[in-house]
Amino acid sequence: MNRSLPPASASALHAATHPRAEGHAWPLRLVAWEVTRSCNLSCVHCRAAAMDKPYADELTTEEGLHLLDTIATLGSPIVILTGGEPLLRPDIFDLAAHGRARGLRMTMAPNGTLVTPKAARRMKDAGIQRISISLDGADAASHDAFRQVPGAFEGALKGIRHAKEADLPFQINTTITALNLKELPRIQELAVNLGAVAHHIFLLVPVGRGKNLEEQAINAEQYEQTLHWFYEQRDKVPLQLKATCAPHYYRILRQRARQEGRCVDTQTFGLDAMTRGCLGGTGFCFISHVGQVQPCGYLELNCGNVRQESFSKIWKDSEVFQKLRNFKALEGKCGRCEYVRVCGGCRARAYEATGNYMAEEPLCLYEPKASSAT
């Protein structure tokens, strides 16, 4: 059975995918804040090309507390404290506790190697509801090659053990490339055996150091096959399953559900924030270590800086966000696809391929059958 969070009501789902029709503002579901760019690993796919060194001009503690206060004025979104390696930031537990006190759903994305028993307890005490730890290989050889640090795999497993001992829920994240594609079933089996609550797969967007992996990105056919395989695991593993940077998955969910006579019950507003495919600028945004707001970490468009204007104003009024919220403005087959409201194509991948973030998704085999969205 799939231990997914309860499905949203029909009215809530409609508001999420058709907010203008309901008269709603665009609800903020998920925020990723890069609390530091410093990192003790050197991952080959890193969008930030993060290194093990201090980075100048990162948001101060005071600025961070104010940012969390402002985010809370927009509701109670999930906040991912990410990096770099967030545990390298000395005030990270104070920030987490402050966010929790403001009603935010606080999560963290460490790489696992610094999750000691003490750190796990402190995360739990600070109100972190879940952590994500990446496993990009099913064994040390493949994971350590991806992370470019010997011992990273064993360090991640130790961090997971410490999280379990602290009763801190964790999910496994996996970035998929041609190098580890065949390992995906084994990685998912490992996630189950470790006791993860969720498995999130990420389809590579070649930015940062990831540009060096461009030749290792899977092709459109492999992409489609992988997402169909992922769909088929829903009733086979006791995990919440989510595909990120893979908006086609939400089209496939509907296609397969209709074929099988299932109710489409995949939309949740819990810690997976599964409202639609590409959430960049519509339900999600990214805040860099220096306060720059972007649609996502992979789409490095400056939508404003929290040091110059209120985050809430940026979220509501950014020209880039406004354009991303106008699905009719999407170009190519994305703009005429009947699944545009639930998929939308990866805007970052379109931008990297064409220089135009409204262009059609370059890794999609589907040919639209209608001229308007369902």
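All residue numbers refer to positions in the sequence shown, counting from 1.
No side-chain N or O of N356 forms a donor-acceptor pair with one of T354 less than 3.5 Å apart. Using a 3.5 Å distance cut-off with no hydrogens or angles, the side chains of H200 and Q171 do pair a donor with an acceptor. Side-chain contact, Y366 with E338: a donor N or O sits under 3.5 Å from an acceptor N or O. If you check the side chains of T116 and H162, you find no donor sitting under 3.5 Å from an acceptor. For the residue pair T107 and Q129, no side-chain donor N or O sits within less than 3.5 Å of a side-chain acceptor on the partner. Between the side chains of Q294 and Q292, at least one donor-acceptor pair of N or O atoms lies under 3.5 Å. With 3.5 Å as the limit, one finds no donor-acceptor pair spanning the side chains of N180 and S142.
R105 places no side-chain N or O within 3.5 Å of a backbone atom of I80 that could act as its donor or acceptor partner. The backbone N or O of Q222 lies less than 3.5 Å from a partner atom in the side chain of N219, making a donor-acceptor pair. Checked by atom type and distance alone, the side chain of Q233 never pairs as donor or acceptor with a backbone atom of F230 at under 3.5 Å. Checking side-chain atoms of R336 against main-chain N and O of K369 turns up no donor-acceptor pair under 3.5 Å.
More than 12 heavy atoms of other shown residues, nucleotides or ligands fall within 6.0 angstrom of atom CD in E309. More than 12 non-hydrogen atoms from other residues, nucleotides or ligands lie less than 6.0 angstrom from OH of Y223. Annotation for K333: atom NZ counts as buried by contact number, over 12 foreign heavy atoms lying within 6.0 Å. Within a 6.0 Å radius of CD in E232, more than 12 heavy atoms belonging to other residues, nucleotides or ligands are found. By the neighbour-count criterion of 12 heavy atoms within 6.0 Å, atom CD of Q308 is densely surrounded, having more than that number from other residues, nucleotides or ligands.
With respect to the salt-bridge test (charged N to carboxylate O, under 4.0 angstrom), the residues E154 and R161 qualify.
Note on I128 and L114: same hydrophobic cluster, where clusters join Ile, Leu, Val, Met, Phe, Trp and Tyr whose side-chain heavy atoms are under 4.5 Å apart, directly or indirectly. Follow the hydrophobic side-chain contacts under 4.5 Å out from L59 and you never reach V290; the two are in separate clusters. Residues L365 and L203 do not share a hydrophobic cluster, clusters being chains of Ile/Leu/Val/Met/Phe/Trp/Tyr side chains in contact below 4.5 Å. In terms of hydrophobic clustering, with Ile, Leu, Val, Met, Phe, Trp and Tyr side chains grouped at heavy-atom distances under 4.5 Å, L157 and V115 are assigned to a common cluster.
Here the closest non-hydrogen pair linking Q188 and L241 is NE2-CD2, 3.8 Å. Nearest heavy atom pair, residue P368 against residue C337, reads CB-CA, 3.6 Å. Nearest heavy-atom pair, L68 versus G99, reported as atom, atom and distance to 0.1 Å: CD1-N, 4.1 Å. The nearest pair of heavy atoms linking P77 to L104 is CD-CD2, 3.7 Å. Among all heavy-atom pairs drawn from A191 and I172, the shortest one is CB-CG1, 3.7 Å. For I133 against A156, the heavy-atom pair with the smallest separation is CG2-CB, 4.0 Å.
Between E189 and V237 the shortest side-chain heavy-atom distance does not fall below 4.5 Å. Proximity of L168 to R130: side-chain heavy atoms (C-beta onward) are nowhere separated by under 4.5 Å. Taking the side chain as every heavy atom from C-beta outward, C346 and C278 never approach each other to under 4.5 Å. Here the side chains of T226 and I176 are in contact, with some heavy-atom distance below 4.5 Å. Residues H289 and D57 fail the side-chain proximity criterion, which asks for heavy atoms closer than 4.5 Å. In this structure, L194 and L190 have side chains that are in contact, with non-hydrogen atoms separated by less than 4.5 Å. By the 4.5 Å heavy-atom criterion applied to side chains, W315 and S310 are not counted as neighbours. R147 places a side-chain heavy atom less than 4.5 Å from the side chain of S134.
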From CA spacing to verdict: side-chain contact (heavy atoms from CB on, under 4.5 Å), H248, C343: CA-CA 6 Å; H248 317 3; C343 171; 4.3 Å; yes
Trace of the ring pair (Phe, Tyr, Trp, His ring centres under 6.0 Å) decision for Y231 with Y249: CA-CA 8 Å; Y231 171 86; Y249 185 59; 7.0 Å; no
R256 and E260: CA distance, side-chain angles, deciding distance, salt bridge (Lys or Arg N to Asp or Glu O under 4.0 Å) verdict: CA-CA 6 Å; R256 294 290 295 267; E260 298 163 11; 3.4 Å; yes
Intermediate values then yes/no, side-chain contact (heavy atoms from CB on, under 4.5 Å), I92 and V35: CA-CA 8 Å; I92 191 64; V35 294; 3.9 Å; yes
CA sep, side-chain torsions, deciding dist, call: F202, T174, side-chain contact (heavy atoms from CB on, under 4.5 Å): CA-CA 6 Å; F202 291 71; T174 303; over 6 Å; no
side-chain contact (heavy atoms from CB on, under 4.5 Å) evaluation trace for F321 with V293: CA-CA 10 Å; F321 289 173; V293 181; 3.8 Å; yes
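The CD atom of E85 sits 8.5 Å away from the CE atom of M108 when rounded to the nearest 0.5 Å. Rounded to the nearest 0.5 angstrom, R186 CZ and D139 CG are separated by 5.0 Å. If you take SG on C285 and CD1 on I314, they are separated by 8.5 Å, rounding to the nearest 0.5 Å. With values rounded to the nearest 0.5 angstrom, R37 atom CZ is found 14.0 Å from L88 atom CG. Expressed to the nearest 0.5 Å, how far CG of N302 lies from CG of N305 amounts to 6.5 Å. In this structure, CG on D136 lies 6.0 Å from NE2 on H143, to the nearest 0.5 angstrom.
Across R251, R349, R347, a single residue satisfies salt bridge (charged side-chain N to carboxylate O under 4.0 Å, His left out) together with E361, and that is R349.
Residues satisfying the salt bridge (charged side-chain N to carboxylate O under 4.0 Å, His left out) criterion with E63, sequence neighbours excluded, are R307.
Between Y339 and Y250, a ring centre-to-centre spacing not shorter than 6.0 Å is recorded.
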